[in-house]
Amino acid sequence: MERVTISLDDSLLADFDRYIARKGYQNRSEAVRDLVRDRLEQERSAEADAGYSVGCVSYVYNHHQRDLARRLTTVQHDHHDVVLSTLHAHLDHENCLEVTLLRGPTREVRGFAETLIAETGVRHGRIALTAVDVADASHRHSHGHAHSHGHAHGHAQAHRHEAGAHYTHVHLKPKT
């Protein structure tokens, strides 16, 4: 690891130290590393339109808005290839929060997320993407479902994997 020295004016350093305390960092170095990683990831995902990303889009909307819930669901179904899962929470009698997990080509994932946020009636929206390297992994897994809870689980019947069977799946490794 290389040591780097930076200069900050007193006011900026005081603000940074308050940020570090609020976030619970143990030291300035950890905070700086996280800020640099975050900024580099923002740049990478903005430039990596041909790459692959994982991430989420979160948004708040009024479910009384005419046909909005149906439109949001339709957009998700139309992009089932990038949508992994959606969490829906009721905030009050009118407002809902949804968080949708995504993966796929960065351009498609970003376009889908922006489409959700742009729907009339969506009040707040944020996109968080992480560029990843994609690798097909083909190796043996032991999928035994033994648990120390002393009782059987229903999924053992649904997933009849033979011990040591050969499976192929995708590994998504973050680039930072």
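As a basis for the values below, the full set of heavy atoms in this structure was taken, side chains included, without hydrogen atoms, waters or symmetry mates.
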Can you check whether [X] reaches [Y] side chain to side chain, under 4.5 Å on heavy atoms?
X	Y	result
Leu102	Val54	no
Glu108	Asp81	yes
Val122	Leu116	no
Leu13	Arg28	yes
Tyr52	Val109	no
Thr73	Thr86	no

Item to complete: Could you tell me whether the side chain of His63 and the main chain of Glu94 form a donor-acceptor pair under 3.5 Å?
Response: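 Confirmed, His63 side chain pairs with Glu94 backbone.
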Of all heavy-atom pairs between [X] and [Y], which one has the smallest distance, and what is that distance?
X	Y	result
Ser53	Ala131	OG-CA, 3.9 Å
His88	Tyr61	CE1-OH, 3.0 Å
Ile20	Ala31	CG1-CB, 3.7 Å

Worksheet item: For Asp10, does the CG atom sit with more than 12 other heavy atoms under 6.0 Å from it, leaving out its own atoms?
Response: no
So how far is it from [X] [atom1] to [Y] [atom2], rounded to the nearest 0.5 Å?
X	Y	atom1	atom2	answer
Ser7	Leu12	OG	CG	11.0 Å
Asn95	Gln65	CG	CD	11.0 Å
Glu114	Ile127	CD	CD1	4.5 Å
Leu87	Cys56	CG	SG	10.5 Å
Glu119	Thr74	CD	OG1	9.0 Å
Ser58	Glu98	OG	CD	10.5 Å

Fill in: Residues that Arg126 engages under side-chain hydrogen bond (donor to acceptor under 3.5 Å, both in side chains), provided they are two or more places apart
none
Worksheet entry | ILVMFWY cluster, Val60 and Leu72 together (side-chain gap under 4.5 Å) |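 No.
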Worksheet item: Side-chain heavy atoms under 4.5 angstrom apart, residues restricted to Ile, Leu, Val, Met, Phe, Trp, Tyr: same cluster for Val75 and Val99?
Response: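 Different clusters: Val75 never reaches Val99 through Ile, Leu, Val, Met, Phe, Trp or Tyr contacts under 4.5 Å.
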Fill in: Under the side chain to side chain contact (heavy atoms under 4.5 Å, CB included) test, residues paired with Asp67 that sit two or more places apart
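Expected list: Arg70, Arg71.
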Practice prompt. Apply the test side-chain contact (heavy atoms from CB on, under 4.5 Å) to residues Leu172 and Val134: give CA-CA distance (whole Å), side-chain angles for both, the deciding distance (0.1 Å), then the verdict.
Written response: CA-CA 5 Å; Leu172 305 171; Val134 179; 3.8 Å; yes
Practice prompt. Assign the ring pair Phe16 / Tyr19 to parallel, tilted or perpendicular, where the plane angle (0 to 90°) is split at 30° and 60°.
Written response: parallel
Practice prompt. If the plane angle is over 60° it's perpendicular, under 30° parallel, otherwise tilted; pick one for His79 and Phe112.
Written response: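 If you compare the ring of His79 with that of Phe112, the planes turn out tilted.
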Fill in: Verdict with supporting geometry, Asn62 and Leu68, side-chain contact (heavy atoms from CB on, under 4.5 Å)
CA-CA 8 Å; Asn62 181 330; Leu68 181 56; 5.7 Å; no
